[in-house]
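Comments concern the structure below.
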Amino acid sequence: MPELPEAETISRGLDVFLAGRTVARVTVLRPDVVANAGLRAAGRAGRKRCEEAAGVARSASGLAAAEGKRVRAVGRRGKNVVVLLDDEDRIVVNLGMTGRLLPSPGSRPPPSARHCAVFVHLEGGGAVAYDDVRRFGRLSYVPRRDWPAWSARLGPEPLAPSFTARRLQRILESSKSPVRSLLLDQRKIAGIGNIYAVESLWHAAVHPMRRANEFSARAAVRLHRCLRRVLREAIRAQGTTLRNYLTASGQPGGFGPALRAYGSVGNPCPRCAAAIERIVFGGRSAFLCPHCQALPPAADR
DNA sequence: CATACGTCCTGCCAGC
DNA sequence: TGCTGGCAGGACGTAT
């Protein structure tokens with residue numbers, strides 16, 4: 001659930017807390033949240049097999065390589081929080097559904113970290129807990145030389161100045177998928193999850209199942225504008241808390257009341273008062289106004 | 001190659 | 001009251 005705005009909010013808060021600090025010790029309590037960057041990513045079973053074959057002990061996770069290194073800064077790539085170390089190796093945190101990074105002034109996980117999976121002690125006191133109820137999240141240690149390839153697996157940053165309407169239009173043209181599926185594809189555009197995809201499409205008045213390659217230039221420009229506006233405003237509000245997302249300072253996000261369609265089945269559309277509907281495709285819920293976001297008639301498609 | 005679908009994981013909540 | 005079953009979904013593996 002943490003998407004770009006949540007990852008951005010967390011990385012800003014964590015940067016204040018971590019920049020200049022040195023990692024003393026990394027304790028892995030739940031080995032399954034640690035992805036080994038050196039191995040082909042695989043499903044749980046697959047990764048287990050790889051690690052056994054390679055003789056990788058669970059704690060050798062690679063995260064231990066961070067011990068003794070100073071944190072230069074904390075940033076973000078897509079939905080990932082990226083801890084940049086002084087030697088330009090990185091700890092990349094994908095928060096999955098329920099992952100949280102909770103700083104603590106003491107040497108124990110904060111009380112809110114009830115499902116602490118990884119615990120990072122800092123020299124001179126203080127710590128950061130990686131807490132994740134469902135353990136869909138992953139922590140990876142990415143050495144400096146692997147970073148370009150790692151980052152290249154992701155599409156462009158939607159808030160970067162280089163992400164123009166024209167760029168979005170080209171991405172849309174490249175796929176016959178429903179636009180919501182394309183927006184969720186991290187290889188095409190980085191950082192968008194279901195909430196902001198659904199919200200952007202409501203603002204742009206486009207049906208989530210509209211085929212990406214059927215966008216007019218005008219509709220592409222409109223989606224580009226709505227997408228960026230929604231992401232920016234969500235960052236300003238420090239993200240959306242639906243379940244358990246918290247900022248680095250332990251606050252819930254404030255974007256919930258700004259949601260127009262997501263999760264509001266049956267509520268009147270704020271634009272036209274028609275009842276918001278829920279549909280399911282690609283294994284996920286989408287919410288839309290059947291009036292404002294109508295699919296064009298089949299003859300036009 | 002591109003697209004579609006199943007899988008993992010557990011807290012929560014509706015329904016009986 | 002207590003149990004069950006369905007639901008949430010990011011990202012990867014497998015199937016088409």
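Just so we're on the same page: letters track the sequence lines, and every chain starts at 1. The analysis underlying the following values was restricted to heavy atoms, covering all of them including side chains, and did not include hydrogens, waters or symmetry mates. All values reported here derive from a predicted model rather than from experimental measurement.
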* Residues within residues 247-266 of chain A bordering DNA chain C, heavy-atom distance below 4.0 Å -> A/Y262

Could you pull out every donor-acceptor pair under 3.5 Å between side chains of residues 103-125 of chain A and any protein atom, sequence neighbours left out?
residue: A/S104; atom: OG; partner: A/G106; partner atom: N; Å: 3.2
residue: A/S104; atom: OG; partner: A/R108; partner atom: O; Å: 2.9

* **Distance-only donor-acceptor check, side chains A/Y196 and A/T240, under 3.5 Å** => yes

* Asked: Ignoring hydrogens and angles, are the base of C/dA8 and the side chain of A/R134 linked by a donor-acceptor pair under 3.5 Å?
  -> yes

* Do the side-chain N or O atoms of A/R278 get closer than 4.0 angstrom to the phosphate oxygens (OP1, OP2) of C/dA8? -> yes

From [options], pick the nucleotide closest to the side chain of [X]?
X: A/H115; options: C/dA8, B/dT3, B/dG11; result: B/dG11
X: A/R135; options: C/dA11, C/dG10, B/dT10; result: B/dT10
X: A/L184; options: C/dA11, B/dT3, C/dG10; result: C/dG10
X: A/N194; options: C/dG10, C/dC7, B/dT3; result: C/dG10

* Axis bend over the full length of the helix from B/dA2-C/dT16 to B/dC16-C/dG2, computed from five pairs that close each end, to 10 degrees -> 50°

* Residue met sooner reading DNA chain B from 5', once A/S181 and A/R30 are mapped to nucleotides -> A/S181

* **First of A/S177 and A/R284 reached from the 5' end of DNA chain B, by closest nucleotide** => A/S177

* **Atom-to-atom span, CG of A/L172 to C1' of B/dT3 - whole angstrom** => 16 Å

